[in-house]
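Structure record follows, encoded as structure tokens.
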Amino acid sequence: MRKVITYGTFDLLHYGHINLLKRARQQGDYLIVALSTNEFNEVKGKKCYFSYEERKKLVESIRYVDLVIPENDWEQKVEDVKEFKVDVFVMGNDWKGKFDFLKDHCEVVYLERTPEISTTKIKEELGFKE
Ligand code: C2G
């Protein structure tokens with residue numbers, strides 16, 4: 001079984017996230033999503049609308065996702081790849097090059113982002129104050 005992993009906050013889940021998860025899943029037979037915890041989002045400087053549990057419930061319900069694990073920090077990726085015997089690491093290309101160190105442990109694939117949509121844009125258009 002060819003296992004894929006990807007990481008993210010996935011707040012205000014939208015079709016850009018779904019496009020990414022669908023293509024990530026197509027890189028193998030099993031997709032793990034490491035979902036940023038509320039605490040790690042503070043480290044990332046991201047203010048989430050939905051809590052970790054709420055975002056986990058949403059991401060787990062996506063047909064392309066087989067397992068959701070917590071992403072607690074920047075440092076866990078190598079351990080995750082080893083622990084879950086991951087073959088492919090996937091991220092949107094806004095991260096291009098940032099995780100090439102993982103090439104020592106698995107394939108690294110950066111996929112095109114869906115350009116016209118983002119959680120920030122949704123919040124702005126709805127008049128959310130950050
Ligand atoms: N994404 C996308 N198209 C969009 C928006 C997001 O393809 N319009 C992708 C991002 O490139 C990322 C994934 O969806 O691969 C999740 O996006 P975010 O929740 O914004 O993830 P981010 O905060 O960048 O977290 O350790 C890595 C970090 O946790 C990544």
Gap separating the [atom1] atom of [X] from the [atom2] atom of [Y], nearest 0.5 angstrom:
X: Lys22; Y: Leu111; atom1: NZ; atom2: CG; answer: 13.0 Å
X: Glu83; Y: Ile32; atom1: CD; atom2: CD1; answer: 9.0 Å
X: Thr37; Y: Asp73; atom1: OG1; atom2: CG; answer: 8.5 Å
X: Lys82; Y: Glu79; atom1: NZ; atom2: CD; answer: 5.0 Å
X: Met91; Y: Arg113; atom1: CE; atom2: CZ; answer: 9.5 Å

Donor-acceptor under 3.5 Å ([X] side chain, [Y] main chain):
X: Lys3; Y: Phe84; value: yes
X: Arg25; Y: Leu21; value: no
X: Glu54; Y: Ser51; value: yes

Cation-aromatic face contact Lys77/Tyr7, 6.0 Å, 45 degrees: yes

Sequence-distant partners of His14, ring pair (Phe, Tyr, Trp, His ring centres under 6.0 Å), two or more places apart: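 By the ring pair (Phe, Tyr, Trp, His ring centres under 6.0 Å) rule, His14 matches His17.
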
Taking every non-hydrogen atom, the tightest pair across [X] and [Y]:
X: Leu12; Y: Lys123; answer: CD1-CG, 3.8 Å
X: Arg55; Y: Asn38; answer: NH2-OD1, 3.0 Å
X: Asn41; Y: Cys48; answer: ND2-SG, 3.3 Å
X: Glu71; Y: Gly8; answer: OE1-N, 4.0 Å

If two hydrophobic side chains count as joined below 4.5 Å and joins carry through other members, does [X] share a cluster with [Y]?
X: Val86; Y: Val90; answer: no
X: Val88; Y: Met1; answer: no
X: Val109; Y: Ile18; answer: yes
X: Leu20; Y: Ile5; answer: no
X: Leu126; Y: Tyr15; answer: yes

With sequence neighbours excluded, residues passing side chain to side chain contact (heavy atoms under 4.5 Å, CB included) with Lys121: Ser118, Glu125

Cys106: side chain to side chain contact (heavy atoms under 4.5 Å, CB included) partners, not counting sequence neighbours: Val81, Phe89, Leu102

Exceeds 12 heavy-atom contacts within 6.0 angstrom, atom NZ of Lys44: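 Buried by this count: over 12 neighbours within 6.0 Å.
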
Residue pairs, two or more places apart or on separate chains, that pass side chain to side chain donor-acceptor pair (under 3.5 Å) and touch residues 100-109: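 Pairs touching residues 100-109 that pass the test: Arg2-Glu107, Asp100-Tyr110.
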
Check against side-chain contact (heavy atoms from CB on, under 4.5 Å), Val4 and Thr6: CA-CA 7 Å; Val4 185; Thr6 190; 5.8 Å; no

Residue pairs fulfilling ring pair (Phe, Tyr, Trp, His ring centres under 6.0 Å) with at least one residue in residues 19-62, sequence neighbours excluded: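 Only Phe40-Trp74, Tyr49-Phe128 qualify under ring pair (Phe, Tyr, Trp, His ring centres under 6.0 Å).
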
Using a 3.5 Å cut-off and no angle test, enumerate the donor-acceptor pairs between side-chain atoms of residues 58-66 and protein atoms at least two apart in sequence or in another chain.
{"from": "Glu60", "atom 1": "OE2", "to": "Lys56", "atom 2": "NZ", "distance (Å)": "2.7"}
{"from": "Ser61", "atom 1": "OG", "to": "Leu58", "atom 2": "O", "distance (Å)": "2.5"}
{"from": "Asp66", "atom 1": "OD2", "to": "Leu31", "atom 2": "N", "distance (Å)": "2.7"}

Criterion side-chain contact (heavy atoms from CB on, under 4.5 Å) on Glu39 and Glu42, from CA distance to verdict: CA-CA 5 Å; Glu39 295 76 14; Glu42 282 179 34; 5.6 Å; no

Distance-only polar pair, side chains of Asp11 and Thr119, donor-acceptor under 3.5 Å: no

